[in-house]
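The structure under discussion appears below in the form of structure tokens.
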Amino acid sequence: MKLANGIDVDSIVPENELEEEIIADIKAGRTKEVVTRCPPEPSGYWYIGHAKAWTINFETAQKFGGRTVLRMDDSNPVKEEGEFADSYMADLEWLGFKPAKFVYASEAYFDEIYKIAEKMIQNGDAYVCELSAEEVSATRGTLTEPGKNSPYRNRTPEENLKLFREMRDGKYPDGSKTLRAKIDMSHPNINMRDPVMYKIARQHHYRVGDKWCIWPQYDFVHPMEDCLEGTTYSLCDKGFQDHRVVYEWFVEHGWGKKYAPKQREFSRIVLENVLTGKRYLKQLVNGGYVSGWDDPRFPTLVGVRRRGYTAKAVKDFVKSVGWGSTIEVSVPYSALEYYVREDLNKIATRAMVVLDPLKVVITNFSGSEECEIENNPNDEAAGKHKCLFSNEIYIEKEDFSLNPPPKYNRLVEGGIVRLKGAYIIKCNKAVLNKNGEIDHLECEYLPNTKSGQDNSGIKCKGTIHFVSANNCFKVTIREFKNLVKDEYKFPAKALADGVKIEDMLQPDSLTETTALAENFLKDAKPEDKFQFMRKGYYCVDKDSTPNNLIFNSTISLKDGFKPNK
RNA sequence: AGGGGUGUAGCCAAGCGGUAAGGCACUGGAUUUUGAUUCCAGCAUGCGUAGGUUCAAAUCCUGCCACCCCUGCCA
């Protein structure tokens, strides 16, 4: 069984119920092409959670050789702004998804949707209601009681059509009338109790300006847009489950075609310990707590990108969570971090950077000598780069100890350690300053132990990284902690329960320090990703200048050192 | 006269009548010139609960329980 695009359906292995359903639809002749849509409302930035929606919509279509339309779902002029559309395009491009088409619903479909509304009026499926918002609410009934029919429910189609056209032409004040679907005021599903299709609001729209004073509402406009676009599977999150019957009602009564788009729902991801919510993040941006919507501590796609996460990691993560069975699924942040490390381990170039330097003098060596460092030990094709060993080097303070804990296999007085890519050195003396702190180390190098040509037979347990004084430069390092304190597993919930946002924030979530990097890093460009060996993954920040390279700490390496075991 | 969902390990999640996949986390151990990576091993006598059907039940039936969502002219 083949699709029109040549893909053999029998060769497709379904990975969830939706895909099983799609295959059945294709075999039954109900689906000719898989068309999905990506319908953001341009009212804020995208989070990691959105990446799940886009990944599911794009990859489901891709799997069946279909297409995905990017459609700005912009039917509410008070919430929407043009600037966001551009950021979505950039996010989508970053994620690697290419829409088959890009439209603003307001421009592309509102004329057609208006015509559908008129047709529904003529069919007796919609009526103009003059109840106020409060009255509509009061007559809707409750969770357990039926609603009451609007007194305007039984107007004739002619009367409704005349009134509706007058609404459109601006004859009535904002909020004075609505167009409502004539469904069932006693339906057990409240969404079916004559939902509003159009409201009156004189509001300037970022795309269509003042063309309209009436605006179609989600329950009506969304299924109609899907139909107009040829969407076959409208994949949204489970928050819309209750709206599925409304969707189907509008498809049947507004569109009327036998082969209709299907709405199917997946679960939302809630990352533990992560604050989301436009309202809250906006507070942090406006309050100066963060540098902007792309702050590396933010869960926005632009934020994690700046932090150094890769698109692959984000996509692999959302796919690992799966379709989901409940409305929200809470996932520990470590689950995301796993995929970040996994990808970075494969692609990040290794470099030596000393974050907290301790000077070491090699007493039996003079001048300097070239050594080589693998760019990625897991990928030979990544090649090698040169670095220098000399008589004055720097190592991490934590790689030397006067009182070493058990199993400490770094440098101690009288002990030896391997310098990565260079020689084994032996520490003869820790030279203290007048405060009793370590000023520098006096060491000797062991000839015949050079990396790659060691014939000394000396066994050395530890290997540490270093930079040579004549081969390093100062860089700025930005280290991040979670924005919110660890005790807030579900920050948005805590906020709703009355916790103050200021009390929730971790006081030192951003710290800036300097470090000594090997010269190899001098040409690094924003978004370049490195592994600072034995420390973590770092990504060049866009704030960098020619004289000041800034690295964002993306994520640390795992640390398996357990001194007390 | 409520409706819609969901219950499988600390967190996700397969499973669709044949005797509990996989991943994260965690714990051992091997390899390692990154205490990383990689590798290997361990991790539910148990599938919300009580019954029933069956040679056989997480899967089918019945009752009960728990949790989530829904009363915008937001999407």
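Hydrogens, waters and symmetry mates are skipped; everything else that's a heavy atom, side chains included, is used. So that the names make sense, note that chain A is the first sequence line, chain B the second, and so on, each numbered from 1. Since this is a predicted model, take the numbers as computed values, not measurements.
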Measure centre to centre between the rings of [X] and [Y], then say whether the value is under 6.0 Å.
X        : Y        : result
A/Trp215 : A/Tyr198 : no
A/Phe84  : A/Tyr45  : yes
A/Phe532 : A/Tyr537 : no
A/Tyr445 : A/Phe365 : yes

Going by salt bridge (charged side-chain N to carboxylate O under 4.0 Å, His left out), name the pairs with one or both residues in residues 450-459 of chain A, residues two or more places apart or in two chains.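 Output for this query lists A/Glu369-A/Lys450, A/Arg418-A/Asp454.
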Salt bridge (charged side-chain N to carboxylate O under 4.0 Å, His left out): pairs with one or both residues in residues 319-329 of chain A, sequence neighbours excluded: A/Glu59-A/Lys319, A/Arg268-A/Glu328
Looking across every strand, which nucleic acid part, if any, lies under 4.0 Å from [X] by heavy atom: base, sugar-phosphate, or nothing?
X        : result
A/Phe240 : base
A/His465 : nothing
A/Pro377 : base
A/Gln531 : base
A/Ile458 : nothing
A/Lys450 : base
A/Arg244 : nothing
A/Gly536 : nothing
A/Tyr408 : base
A/Asn409 : base
A/Ala335 : sugar-phosphate

Listed in order of residue number, which residues of residues 176-186 of chain A have a non-hydrogen atom at under 4.0 Å from RNA chain B? A/Thr178, A/Ser186
List, with names and distances, any nitrogen or oxygen atoms from the protein found under 3.5 Å away from nitrogen or oxygen atoms belonging to nucleotides 37-42 of chain B.
residue, atom, partner, partner atom, Å
B/U37, O2', A/Asn345, OD1, 2.9

From the options [options], select the nucleotide whose nearest atom is closest to the side chain of [X].
X        : options             : value
A/Val196 : B/G35, B/C73, B/A75 : B/C73
A/Arg140 : B/U71, B/U34, B/A75 : B/U71
A/Lys79  : B/U33, B/C73, B/C74 : B/C74

Would you please say whether a donor-acceptor pair under 3.5 Å links the side chains of [X] and [Y]?
X        : Y        : result
A/Glu225 : A/Tyr109 : no
A/Ser553 : A/Glu479 : yes
A/His187 : A/Arg193 : no

Cation-pi check for A/Phe561 against A/Arg410: NZ or CZ below 6.0 Å from the six-membered ring centre and within 45 degrees of the axis, yes or no? yes
Has A/Lys177 got its NZ or CZ under 6.0 Å from the middle of the six-membered ring of A/Tyr172, at an angle within 45 degrees of the ring axis? yes
Set of side-chain contact (heavy atoms from CB on, under 4.5 Å) partners for A/Val329, sequence neighbours left out: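 side-chain contact (heavy atoms from CB on, under 4.5 Å) check on A/Val329 returns A/Ser267, A/Val321, A/Thr326, A/Val331.
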Within the structure, does a side-chain N or O atom of A/Lys199 lie under 4.0 Å from either OP1 or OP2 of B/C74?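 Checking B/C74 against A/Lys199, a side-chain N or O does come within under 4.0 Å of OP1 or OP2.
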What's the gap between B/C69 and B/A58 when it is taken at their P atoms, as a whole Å value? 31 Å
Output one letter per nucleotide in nucleotides 2-12 of chain B: B when a protein non-hydrogen atom lies under 4.0 Å from the base, S when only the sugar-phosphate is that close, - when neither is. BBSSS----SS
